[in-house]
Number of protein chains: 2
Amino acid sequence: MNSDPATRIRALGARVTPARLAVLRLLEGADRALSHHDVEAALSDLDIDRVTLYRVLDWLVESGLAHRVTDAQRVFRFSLAAPNAPQHDQHAHFRCEDCGKVFCLDDVQIAQPALPKGFSAKSVGLSVTGQCAQCDRHTAAK
Amino acid sequence: MNSDPATRIRALGARVTPARLAVLRLLEGADRALSHHDVEAALSDLDIDRVTLYRVLDWLVESGLAHRVTDAQRVFRFSLAAPNAPQHDQHAHFRCEDCGKVFCLDDVQIAQPALPKGFSAKSVGLSVTGQCAQCDRHTAAK
DNA sequence: CACGTTAATGCAATCTTGTTGCATATAATC
DNA sequence: GATTATATGCAACAAGATTGCATTAACGTG
């Protein structure tokens with residue numbers, strides 16, 4: 001039901017290139033939102049240009065395949081959009097204060113808040129910070 | 001009950017300087033979170049150094065007088081902390097997609113979401129995007 | 001399968017936001 | 001008014017992201 005990366009790329013009318021394939025596969029396998037830096041490090045053996053990665057990531061967001069989140073350190077992080085998600089106008093993330101990793105909270109339902117008169121919401125994002133399971137274990141183990 | 005800027009600054013054991021007074025007054029009168037850029041523009045006649053503004057804003061955050069938010073454009077925005085707010089471990093913001101302004105949604109109550117096993121939340125932030133009242137009016141007027 | 005077209009890429013330069021080090025100025029105290 | 005620690009101003013730096021432009025390569029066509 002969720003076709004392979006190459007097919008998905010072609011379905012968007014875009015060319016299938018090594019960079020796009022690699023980034024798409026990487027994000028598919030990631031359990032958290034990755035920054036440009038993360039992606040660069042993970043794909044370092046492919047020797048893809050920094051700028052190309054930026055452009056691939058931008059393209060992913062523009063074509064709706066991925067989300068872009070800004071973390072507290074003001075860097076962009078990218079996570080694959082759930083292919084059959086409710087057209088993502090809401091998204092929740094968790095950022096661990098210890099290790100800095102960002103996780104997607106896919107199954108959190110966000111309540112639409114009441115807005116001042118005249119305001120209309122298009123999307124709602126929830127960002128939670130705290131301690132992730134791994135870091136919590138470390139602390140507890142002390 | 002909420003004393004004047006100079007007194008508030010002194011109460012923190014800090015010196016009362018033109019830059020601090022000006023920034024504090026500006027934020028007090030602002031109905032939305034201001035970026036460093038916003039502040040610089042608003043106080044341009046005072047000819048305060050860029051770095052000084054950064055330091056004043058940092059100082060405001062450190063001393064608990066203001067909050068720092070990161071918006072989707074990866075710039076920091078600052079808003080005065082409500083002096084008797086529920087010690088801000090949750091905060092909601094609205095960002096207008098048309099004019100780019102960021103508003104604080106002070107009276108929105110954020111529900112603590114369910115987290116994966118082992119995760120613990122320390123703070124929760126809600127960010128809503130859409131159209132603010134003013135921009136909505138413009139669109140409608142067309 | 002060679003060819004041509006056009007989208008992608010690579011590289012260098014640039015921009016934006018924010019930070020740091022250090023000499024100088026100034027708010028507060030006496 | 002003199003003293004002193006705190007703030008400021010300036011210049012340099014740093015990291016993340018963007019832009020312009022020449023070159024490469026994906027893919028439809030013959």
Side-chain angles (χ1 to χ4, degrees), chain A residues 4-25 33-63 65-78 95 100 102, chain B residues 4-25 33-63 65-78 95 100 102:
Chain A
D4 75 298
T7 312
R8 283 216 273 167
I9 294 173
R10 242 181 293 262
L12 293 167
R15 291 184 183 173
V16 178
T17 66
R20 283 179 182 161
L21 276 177
V23 173
L24 206 44
R25 287 214 188 92
L34 302 180
S35 65
H36 173 272
H37 194 75
D38 293 336
V39 175
E40 195 172 25
L43 304 180
S44 59
D45 50 327
L46 292 185
D47 213 54
I48 304 173
D49 190 78
R50 224 165 53 84
V51 177
T52 299
L53 284 186
Y54 276 116
R55 290 198 264 232
V56 168
L57 292 169
D58 285 350
W59 166 80
L60 281 172
V61 173
E62 271 165 34
S63 51
L65 291 186
H67 302 312
R68 191 206 314 264
V69 212
T70 315
D71 74 1
Q73 278 62 57
R74 42 178 245 113
V75 314
F76 291 142
R77 291 181 170 275
F78 302 84
R95 186 171 163 280
V102 175
Chain B
D4 76 297
T7 312
R8 284 215 274 167
I9 294 174
R10 244 181 292 263
L12 292 166
R15 291 187 181 171
V16 178
T17 65
R20 283 178 182 162
L21 276 177
V23 173
L24 206 45
R25 287 214 187 93
L34 302 181
S35 66
H36 173 271
H37 192 76
D38 293 336
V39 175
E40 196 173 23
L43 305 181
S44 59
D45 50 329
L46 292 185
D47 214 53
I48 303 172
D49 190 77
R50 220 166 57 84
V51 176
T52 300
L53 284 186
Y54 274 116
R55 290 199 264 233
V56 168
L57 291 169
D58 285 349
W59 166 80
L60 280 172
V61 173
E62 270 164 33
S63 50
L65 291 186
H67 301 313
R68 191 207 313 264
V69 212
T70 316
D71 75 358
Q73 278 64 57
R74 46 176 244 115
V75 314
F76 291 141
R77 290 181 170 274
F78 302 84
R95 182 170 167 283
V102 175

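Just so you know, these numbers come straight off a predicted model, no measurement behind them. Naming convention: chains lettered A, B, ... in sequence-line order (proteins, then strands); numbering from 1 in each chain. In what follows, every heavy atom counts, from backbone to side chain, and hydrogens, waters and symmetry copies are set aside.
Put simply, CG on B:L60 and CZ on B:R55 are 14.5 Å apart, with the number rounded to the nearest 0.5 Å. Rounded to the nearest 0.5 Å, atoms CG (A:L53) and CG (A:D58) are 11.0 Å apart.
We find that CH2 of B:W59 is positioned 17 Å from P of C:dT19, with the value rounded to whole Å. The distance from atom CZ of A:R10 to atom P of C:dA7 is 17 Å, rounded to the nearest whole Å. Rounded to whole angstrom, the span from the CG atom of B:D49 across to the P atom of C:dT19 amounts to 14 Å. In this structure, CD of B:E40 is placed 12 Å from C1' of C:dG18, rounded to the nearest angstrom. Distance CG (A:L57) to C1' (C:dA8): 15 Å, rounded to an integer number of Å. One interatomic measurement links the two molecules: CG of B:L46 to P of D:dG9, which rounds to 10 Å at whole-angstrom precision.
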Contact state string [nucleotides 13-18 of chain D, B base, S sugar-phosphate only, - no protein heavy atom under 4.0 Å]: ---BBB
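Residue pairs meeting the side-chain hydrogen bond (donor to acceptor under 3.5 Å, both in side chains) criterion with at least one partner in residues 34-49 of chain A, sequence neighbours excluded, are A:S35-A:D38, A:D38-A:R77.
Cation-pi geometry between B:R68 and B:F78 is not met at under 6.0 angstrom from the ring centre and within 45 degrees of the axis.
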If you look only at distance, which donor and acceptor atoms sit under 3.5 Å apart when one is on a side chain in residues 13-23 of chain A and the other is two or more places apart or in another chain?
unit_1 : atom_1 : unit_2 : atom_2 : d
A:T17  : OG1    : A:R20  : N      : 3.3
A:R20  : NH1    : A:R15  : O      : 2.9

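Of the possible donor and acceptor atoms, one in the side chain of A:S63 sits under 3.5 Å from a partner among the backbone N and O of A:W59.
Within residues 16-24 of chain A, the residues that place at least one heavy atom under 4.0 Å from DNA chain D are, in residue-number order, A:V16.
In terms of heavy-atom proximity, A:L65 sits nearest to A:R8 at CD2-NH1, 4.1 Å.
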Working for side-chain hydrogen bond (donor to acceptor under 3.5 Å, both in side chains), residues A:Q73 and A:R95: CA-CA 11 Å; A:Q73 278 62 57; A:R95 186 171 163 280; 2.7 Å; yes
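Within the structure, a side-chain polar atom (N or O) of B:T52 is placed less than 4.0 Å from OP1 or OP2 of D:dG9.
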Short N/O separations, protein against nucleotides 22-26 of chain C, under 3.5 angstrom:
none

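Each end of the helix from C:dC1-D:dG30 to C:dC30-D:dG1 yields a helix axis from five base pairs, and these two axes differ in direction by 30° (to the nearest 10 degrees).
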